[in-house]
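See below for the structure under consideration.
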Amino acid sequence: MTGLPPQRAGGNGPPSGSTADPGRRVRAVRLGARSVAALCLVSAVGVMAFGWPLLADSASGLAHSQDAPWLFAALLPLLLAVVVATIADTGLDAKAIAMLGVLAAAGAALRPLGAGTAGIEPMFFLMVLAGRVLGPGFGFVLGSVAMFASALLTGGVGPWMPFQMLTMGWVSMGAGLLPEPDRLRGRRELALLAAYGAVSAVLYGLVMNLQGWPYIGGMASGVSFVPGDPVGQNLTRFLAYCLTTSLGWDLPRALVTVVLTFVLGGTVLKALRRATRRAAFDAPVSFTPGPSREAGSP
């Protein structure tokens, strides 16, 4: 019978390209070759920027150089290079950018709720869960953008900001690299994420202390940075500095992350996975032409 609409290939299934397979884990931002190269570059520069004062000679004056802020600012274009490389590798589409914006805004809004109050920072909980669901590439970009947005929101813009962006990117990326992303579910997954969140919350404070500790003067000699001293001796002083100054902030941050993961983690993970499946970030779109009509048919 002529005049009937053409049928879609595949019978009564959903239209081609409409959604991804519910059982498949879809990542909004995948790590392609250029993304990995950019991420390795920015991470290497970040490690050097964090650690170079430990290797400075006492006669060079580099440990308290006024050039340090320029080194901090150099990390910003490198972080942006990761985003550009990811777009080049995966064609980051409007849906992925929209989810990135929503999650970054949510993370930025969570940070002021406890920032500066005994280290209570609920932002970590969201960054860890989002990195777990959406993968390491999306996680790194999300952590960096969320920290940048929170700095603008709270007025925390300064030479430390690129380091905060880099470190939060590592935290969220690490969650995306945790094992068994497709099979581990339920309480076991929450326990894994809570443990990772606690460790990463403490390490975040440790790494950020390393950024500012060499430039703080007037402290007791037992916890002060001494330019030109052996690395082992300076690291011993650094650990003493962390134990006496920042551990009271790092441990509450870890505790809040663990509590929020167990209380809200299951709901947030389900919501993120449902949104990712429906958005079908990497589902290829294809069109099946209908049957051609015979010449002369109405």
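Note that this is a predicted model, so its numbers are computed, not measured.
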Got more than 12 heavy atoms from elsewhere within 6.0 Å of CZ, F148?
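Counting neighbours around CZ of F148, 12 or fewer heavy atoms of other residues, nucleotides or ligands fall under 6.0 Å, so no.
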Close side-chain approach of [X] to [Y], heavy-atom, < 4.5 Å:
X	Y	value
L193	L129	yes
V268	F125	yes
L206	F238	yes
L272	L103	yes
V42	F140	yes
E121	W249	no
M127	F124	no
L192	L184	yes

Report yes or no: does [X] contribute a side-chain atom to a donor-acceptor pair with the main-chain N or O of [Y] at less than 3.5 Å?
X	Y	value
S150	M147	yes
R253	A201	yes
S200	G197	yes
S172	M168	no
Y196	V171	yes

Looking at CG of L134 and CG of L100, how far apart are the two atoms once the value is rounded to the nearest 0.5 Å?
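So the CG of L134 and the CG of L100 are separated by 9.5 Å.
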To the nearest 0.5 Å, how far apart are CG in L210 and CG in L235?
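One gets 8.0 Å once the value is rounded to the nearest 0.5 Å.
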Can you name the nearest heavy-atom pair linking [X] to [Y], along with the distance?
X	Y	value
L190	G265	CD2-C, 3.8 Å
A146	A108	O-CB, 4.0 Å
A198	V258	CB-CG2, 3.7 Å
L247	P252	O-CD, 4.0 Å

Please test L39 against M173 for side chain to side chain contact (heavy atoms under 4.5 Å, CB included), starting from the C-alpha separation and ending with a verdict.
CA-CA 10 Å; L39 190 54; M173 181 187 71; 3.1 Å; yes
Can you check side chain to side chain contact (heavy atoms under 4.5 Å, CB included) on V128 and T261, steps first, answer last?
CA-CA 9 Å; V128 169; T261 299; 5.8 Å; no
Step by step, would you call R273 with E189 a salt bridge (charged side-chain N to carboxylate O under 4.0 Å, His left out)?
CA-CA 14 Å; R273 283 173 173 140; E189 183 179 33; 2.6 Å; yes
